[in-house]
Undergrad: 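Got a structure for you, written out below as structure tokens; questions coming shortly.
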Amino acid sequence: MKVAIYVRVSTKKQSVDLQLTDLRAVALRSGWEVTAIYQDEGFSGAKSKTDRPALKQMMMAAVRKEFDMVAIWSIDRLARSTVDLFHMMLDLRDKSIELYVHKQAIDTSTPSGRMMWQMLGVFAEFERALIQERVKAGIENARANGVKLGRPSIDKSIELRILKLRSTGMGMLKIARTLKVGTSQVQRICQPQPS
């Protein structure tokens, strides 16, 4: 089995050596061929996969099916959020790539590993629902306390300047740059109002 090893530490002062030693030993015992090692050093696990260069490279290699399994030392090396972890596992599963997690003894190529993966999906759904509830409650609380949500409205004088520049044929992007306002605000103001 071809295996890619992914290791991560949050700061440059930390070392990936322990993770690599353990994962190489598992690969040797299991008869796996380590085809690539991806290292993110100095990157928080809270960052998305697009913000961690080695993880991004690994996921692109997964798309090309360059390996059959990804080995990580611990779940928190891959993701801090259950939802993020579940989505990464879905991405791997879509390519028929298994996941081995050393510290938590999860191997999705085994029946018990697949069961853990399915349970993780349930927890990810639960976490997502809790987050949505907290966001809704926060918005309701803010409104109840008189907080106005959304972007601040544009001054009428700027609205008139936007319309005047648009009437001269100036593009919306250029208007936004010229007046230092958001492009979406320019688009909203220039949009014909329903009669």
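Every heavy atom of this structure was used, including side-chain atoms; hydrogens, water molecules and symmetry mates were not. For this chain, numbers begin at 1 and follow the sequence in order.
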Undergrad: Charged N to carboxylate O under 4.0 angstrom, Glu159 versus Lys156?
TA: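 Between Lys156 and Glu159 there is a salt bridge, with a charged N closer than 4.0 Å to a carboxylate O.
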Undergrad: With sequence neighbours left out, write down each residue that passes side chain to side chain contact (heavy atoms under 4.5 Å, CB included) with Leu149, or none if nothing qualifies.
TA: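 Testing Leu149 for side chain to side chain contact (heavy atoms under 4.5 Å, CB included), a comparison that skips the adjacent residues, returns Ile139, Ala142, Arg143, Val147.
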Undergrad: Measure from the side-chain N and O atoms of Arg177 to the backbone N and O of Met172, and report whether any donor-acceptor pair falls under 3.5 Å.
TA: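 Judged by distance alone, no pair lies under 3.5 Å.
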Undergrad: Would you check if the side chain of Arg52 reaches a backbone N or O of Leu78 as a donor-acceptor pair within less than 3.5 Å?
TA: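 Confirmed, Arg52 side chain pairs with Leu78 backbone.
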Undergrad: Does Arg114 have more than 12 heavy atoms from other residues, nucleotides or ligands lying within 6.0 Å of its CZ?
TA: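 Check passes, neighbour count above 12.
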Undergrad: Would you find more than 12 non-hydrogen atoms of other residues, nucleotides or ligands less than 6.0 Å from Lys65 atom NZ?
TA: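 Yes.
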Undergrad: Closer than 3.5 angstrom, by distance alone: can the side chain of Arg77 be matched with the main-chain N or O of Arg8 as a donor-acceptor pair?
TA: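 Flag set: sc Arg77 to bb Arg8 pair under 3.5 Å.
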Undergrad: Quick one: does Asp68's side chain have a donor or acceptor within less than 3.5 Å of a partner on Lys2's backbone?
TA: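 Here the side-chain-to-backbone pair exists.
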Undergrad: Pick from Leu160, Leu165, Ile158: which one makes a side-chain contact (heavy atoms from CB on, under 4.5 Å) with Ile162?
TA: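 Only one option passes, and that is Ile158.
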Undergrad: Do the side chain of Gln104 and the main chain of Val101 share a donor and acceptor less than 3.5 angstrom apart?
TA: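 Pair absent, no side-chain N/O of Gln104 close to backbone of Val101.
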Undergrad: Are Tyr100 and Leu92 grouped together when hydrophobic residues (ILVMFWY) are joined by side-chain heavy atoms under 4.5 angstrom apart?
TA: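 They do not share one cluster, since no chain of ILVMFWY contacts under 4.5 Å joins Tyr100 to Leu92.
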Undergrad: Is there a path of hydrophobic side-chain contacts, each under 4.5 Å between heavy atoms of I/L/V/M/F/W/Y residues, joining Tyr6 to Met88?
TA: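 Same cluster: Met88 reaches Tyr6 through Ile, Leu, Val, Met, Phe, Trp or Tyr contacts under 4.5 Å.
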Undergrad: Keeping the roles fixed (side chain from Asn141, backbone from Ala137), state whether a donor-acceptor pair exists under 3.5 Å.
TA: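 Not confirmed, Asn141 side chain does not pair with Ala137 backbone.
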Undergrad: Tell me which pairs pass salt bridge (charged side-chain N to carboxylate O under 4.0 Å, His left out) where either residue lies in residues 17-29, with sequence neighbours left out.
TA: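 The answer is none; no pair qualifies.
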Undergrad: Verify, without hydrogens or angle tests, whether Asp107 (side chain) and Gly113 (backbone) share a donor-acceptor contact under 3.5 angstrom.
TA: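 Not confirmed, Asp107 side chain does not pair with Gly113 backbone.
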